[in-house]
Each structure stands twice: as C-alpha cells, then as structure tokens.
2 protein chains.
Amino acid sequence: MSQMQNVERQLREMILGLEIGPGEKLTERWIEGRFGASRTPVRAALLRLETEGLVGRDGRGWTVSPINLAELEQIAVYREAVEVAAVRLTCMHAESSAIDVIEAMLDSCDDNTPREEWHRVGMDFHIELARLSGNEFLFRAVRDAMTRLSRARWLEVRDEAALGRAWAEHRAILAAARLGDADEAARLLSTHIVGSRDRLVTSLANDRRGLRARGFAVVAA
Amino acid sequence: MSQMQNVERQLREMILGLEIGPGEKLTERWIEGRFGASRTPVRAALLRLETEGLVGRDGRGWTVSPINLAELEQIAVYREAVEVAAVRLTCMHAESSAIDVIEAMLDSCDDNTPREEWHRVGMDFHIELARLSGNEFLFRAVRDAMTRLSRARWLEVRDEAALGRAWAEHRAILAAARLGDADEAARLLSTHIVGSRDRLVTSLANDRRGLRARGFAVVAA
DNA sequence: GATACCGTTTTGGGATACCAAACTGGTATC
DNA sequence: GATACCAGTTTGGTATCCCAAAACGGTATC
C-alpha cells in the first residue's frame, strides 16, 4: 500500500480513537516524523481528512476538529434525511438474505463483547443498511456522517439499558424492512435517530467540563 | 490568493465549463504548465476535485469524470432527499425577506438574459434555498450535488417551454415556503426534481451519440 | 500485416530544499 | 508589573529532484 493511503489511514485511526484529542494542533512535520513519511503523503492525507471533517484549518495550521454540539445536532438532521430515504429504497427492493447479513452483525454482539466492538457494530449497522439502498450517494452520505459522529459517540456515557434499547430499535427497523413496510421502517428509523441524537448531545453537554479536563475541545451548541 | 486555491478554482471552471471534456485524461505536468504552478498545488487541487467527483483516478493517472447517466439518476434521488428535508426546515423558520431574495434571483432573468446566466441561476436557486434551512450539511450536500449535475445540465437540450415551466415550478415552491406550508413545498420540490431528472437523462441519452462525437465520454445508465 | 519483444520516455508517488509569514521568548522601556 | 518590540525559530506553501512503474514506439519475427 502506498504511503499516502497509509498515513491517511493511520492518522484517521488516531483521531477517531481519540489518541489525538479534539482541538489538538497538528503540524505536518510532527506527522511526518510520527509515521516515517515525507511531507508529500502527509499533505495528501491532511487534505483528505479535511474533507471528511476530521481536521480543519486554524489560521495557517492544522487542528483536529473539536467536538461541536451544534454540528452534531445538524448532522443528526442530515442523517435522518438520507437514512430515511435510503431505508425507503431498501424496502422497495432489498432481498431478505441481505437483511439477514445485517441482523447477523447485531447478533454477533453479546455480554462479553468488548465495548469497542459494540461501538463499531452500532455504526456499521447504519452504514450497511444504507448500502442496501443501492444508491452510492446516500450510502456515502451515511458513512461520512457516521464517521463524523464517531468520536462523539465514543465519548458518550451509555448505560446498558440504553444500549439494549438501541439494539431493539435496530432489530425493529430490520423487521419492518424485511416486510417491505417503508413507512414503518422510516418512522422507526427516524425516531431512533432523533432519540440517539438527544441522548448523545445531552450526555456530552453534561460531561463537557470533564471532557475539557481531559484536554478535549468541546464547543457548546 | 494562494496558488493552491487558484489552480483548484481555475481547473474546476475549465471542467465545469467543458473546456476540458468529460473523459479526458489529465496529467499533473500539463496542469502545472497550463497554470504556471508547481506540482504541489496541482496535486492539492486534484485531491480536492476528486472528492467533488469532478476528476477521478484512471489506473495511475487522472481523468475528468465522464458524464454517467446512472450516476445522474442516483444523484437526483439523493438531491430529492436532502432538498426536501431542507425546504421543510426552511418552512419552519425562514423569514419572508430571505425568500424575497431568492425570488429576486429568478426575476433577474428575462428574454435577453444569456443562456449561461439562466443555467447558473437555475442551480443557485436550489443552493440558496437549501442555505435557508440553516443546516450546513444539507446545504453542502445540495451544493455539491448541483456541482456534479452542472456539466450534464449544461449539455441538456432544453426548449423555451421547459425552461419556463421550471421557473414556474421554482416560484410555486417559493410561494409554498413563504406560507410555511411544508408538505406542499416538499411535494412541489419533489415533483420538480423528479421531472427535471427525467428530462435530463432522456435528453442526454438521446444525444449520446452526438455528445460522444464531440469527444465527451457519456456512459449509459 | 499482425504481433511479440525491448529500449526509451513519460508519469505519478515520494523526498527534500527554500522561502516568507507567523509564532515565540526574551529584553528593553515606561 | 505591564507592554511594546525585536531576533530567532518554526511552519505551511511552493518548487524541484529522484525513482520505479507504466505507457509508448520502433523493430524484429512469424
């Protein structure tokens, strides 16, 4: 694999994994040294990550994008629009076997699954469901939105009950999709997204002080 | 302005203005010479334009993205989802004065307005309407989708009647939005987008042979 | 005439050198 | 003690070099 893709992937992982905190300054030279690449692939990676919203410009330099509560709310609205459109398409033509694959993803999580895995599967559920729509643009929109939400969801304080409720909602959405009931799937998905947005923003707003103490820039709604 | 932004802007204009045809090969060295910049800003511009979908990779090199009829159809579905969501938000809270500004844009076109201007205003209508939603993500989604549609719309054969009908539909959408009638605005917008997609794809499919003769790569649906 | 082969050229990926602007730390001044 | 100022350093933007791989072109072979 080329250095460019390598730097991009590793840097993205460090940002999404919060190894580099939201709001931290980045210098091209630091990245260069950290990954043993020269500035050319580093710059390519930064340009790509900028379009993903993971890094941004801060005057002349680069900054890991802060967690922005107002932005999270807007993303949720965006997500709702594209995910609902996608699931409606899916209801029209998706095969039951494709839905089984997604359901199996949910099944793969149980009591002794690490928290990190629950997190990943919870995102992939939405991404894979959007992929079934067959519309590349809806799919990419959902994938990119989930990427932007990823760090915030990682910081969210979620109890067992909330996690179980989310899984139940996921299953209900799949059930409606399997029946081809577009209106019901859309309604359930919409409710799910709004609810999860509210919990997310509330949790982060409550934790804002603690998060800042950990060095994470969190800007209010 | 920096060379980087300069190269990006000029190259984008050449592509959108069809001065470089869909499907044409690009070499970094040609761009370098054409705009008098070195390869570093050229590569940055190409990376940006790649995420906009205007250029793509072809093996190891770069290619101006072909007109892809299947893609145009998918973009229309995507547009419909985000634009409808945006106009619904707009109906909730937009001020009449903001709508007046958009209506004035439409008014600015008359019989002796150059075709190029009609084209631009027709796109800006949708972009500015989305901006009124106040949601940055919906706005960017609409703007990017319109950018991707731009070249195809430019190649579309449109008669006076179709253009007049589109303008009437634009006005009707604004009227509904001004009244805050979200359902009606959404219905009108949705119909407008579907209709304009059908005319666009039909026109290009009919002209496909002629367009290819002009050196434009047009891939079928 | 078609085709397989091989040397040349071109091209994108990467590394590095240079510069001007921004930043930093310390000092002198009030 | 606060502040204005200046030299030194850092940093992103740009230009340029190098390289391996791919594209190209000519030639020999069948």
Side-chain angles (χ1 to χ4, degrees), chain A residues 1-16 19-66 68 212 215-217 219, chain B residues 1-16 19-66 68 212 215-217 219:
Chain A
M1 176 175 307
S2 70
Q3 283 281 38
M4 190 185 86
Q5 295 168 330
N6 217 34
V7 173
E8 181 187 342
R9 193 173 43 76
Q10 292 191 63
L11 188 55
R12 183 190 292 108
E13 272 173 22
M14 285 191 73
I15 293 173
L16 291 180
E19 296 174 55
I20 315 177
E24 268 186 53
K25 292 273 193 299
L26 287 175
T27 69
E28 298 183 353
R29 258 103 177 178
W30 179 83
I31 301 168
E32 182 183 5
R34 180 69 175 71
F35 298 109
S38 77
R39 287 181 68 205
T40 308
V42 168
R43 298 195 97 238
L46 284 170
L47 286 170
R48 283 257 168 71
L49 294 175
E50 185 186 21
T51 71
E52 292 183 42
L54 296 184
V55 305
R57 289 251 147 96
D58 162 54
R60 213 173 59 126
W62 298 95
T63 304
V64 177
S65 302
N68 184 324
R212 282 183 169 277
F216 296 157
V219 325
Chain B
M1 174 173 308
S2 70
Q3 282 284 40
M4 191 185 84
Q5 296 168 330
N6 218 32
V7 173
E8 181 187 342
R9 193 172 43 76
Q10 293 190 63
L11 188 55
R12 183 190 292 107
E13 274 173 20
M14 284 190 74
I15 293 173
L16 292 180
E19 296 174 56
I20 315 178
E24 268 186 52
K25 292 272 193 300
L26 286 175
T27 70
E28 297 183 355
R29 261 104 176 177
W30 178 83
I31 302 169
E32 182 181 8
R34 179 70 175 69
F35 298 109
S38 76
R39 284 181 69 204
T40 309
V42 167
R43 299 192 67 197
L46 284 170
L47 285 171
R48 284 257 169 72
L49 293 175
E50 185 186 20
T51 70
E52 292 183 42
L54 296 185
V55 304
R57 287 241 147 85
D58 162 54
R60 212 173 61 127
W62 298 94
T63 305
V64 177
S65 301
N68 184 324
R212 282 183 169 276
F216 296 157
V219 326

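Each chain gets a letter, A, B and so on, in the order the sequences are listed, and its residues count up from 1.
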Next on the checklist: Under 4.0 Å from a heavy atom of chain B: give me the 5'-most and 3'-most nucleotides of DNA chain C that qualify.
Outcome noted: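 For DNA chain C, the relevant span reads C/dT11 to C/dG14.
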Next on the checklist: Is any side-chain heavy atom of B/Leu46 closer than 4.5 Å to one of B/Leu11?
Outcome noted: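 Yes; the side chains approach each other to less than 4.5 Å.
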Checklist entry - Nearest 0.5 Å, what's the CZ-CG distance between B/Arg48 and A/Leu47? => result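 It comes to 5.0 Å.
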Checklist entry - With sequence neighbours excluded, what pairs up with A/Arg57 under the salt bridge (charged side-chain N to carboxylate O under 4.0 Å, His left out) test? => result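 With neighbours one apart ignored, the set is empty.
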Checklist entry - Residues in salt bridge (charged side-chain N to carboxylate O under 4.0 Å, His left out) with A/Glu24, at least two apart? => result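 Once residues adjacent in sequence are excluded, A/Glu24 has no partner under the salt bridge (charged side-chain N to carboxylate O under 4.0 Å, His left out) criterion.
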Checklist entry - What residues form a side-chain hydrogen bond (donor to acceptor under 3.5 Å, both in side chains) with A/Arg9, not counting sequence neighbours? => result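 If we apply the side-chain hydrogen bond (donor to acceptor under 3.5 Å, both in side chains) test to A/Arg9, skipping adjacent residues, the hits are A/Asn6.
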Checklist entry - By side-chain hydrogen bond (donor to acceptor under 3.5 Å, both in side chains), which residues pair with A/Glu13, not counting sequence neighbours? => result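 Partners of A/Glu13 by the side-chain hydrogen bond (donor to acceptor under 3.5 Å, both in side chains) criterion come out as none, since no residue qualifies.
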Checklist entry - Rounded to whole angstroms, how far apart are CD on B/Gln5 and C1' on D/dG12? => result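 After rounding, the gap between these two atoms is 13 Å.
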Least distance between heavy atoms, [X] atom then [Y] atom:
X	Y	answer
B/Ala45	B/Val7	CB-CG1, 3.8 Å
B/Gly53	B/Ser65	O-OG, 2.8 Å
A/Ala217	A/Gly23	CB-CA, 3.8 Å
B/Pro66	B/Pro22	CA-CB, 3.9 Å

Next on the checklist: Strictly by side chain to side chain donor-acceptor pair (under 3.5 Å), give each pair with a member in residues 30-39 of chain B just once, sequence neighbours left out.
Outcome noted: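 Side chain to side chain donor-acceptor pair (under 3.5 Å) check on residues 30-39 of chain B returns B/Glu28-B/Arg39.
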Item to check | Contacts of type side chain to side chain contact (heavy atoms under 4.5 Å, CB included), residue A/Glu52, not counting sequence neighbours | outcome: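 A/Glu8, A/Arg12, A/Leu49, A/Leu54, A/Thr147.
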When you measure from every atom of DNA chain D, which of [range] have a heavy atom less than 4.0 Å away?
range	result
residues 33-49 of chain B	B/Ala37, B/Ser38, B/Arg39, B/Thr40, B/Pro41
residues 21-32 of chain B	B/Arg29
residues 52-64 of chain B	B/Arg60

Next on the checklist: Need the bend value for the helix from C/dG1-D/dC30 to C/dC30-D/dG1: angle between end axes, 5 pairs each end, nearest 10°.
Outcome noted: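 Rounded to the nearest 10 degrees, the bend comes out at 10°.
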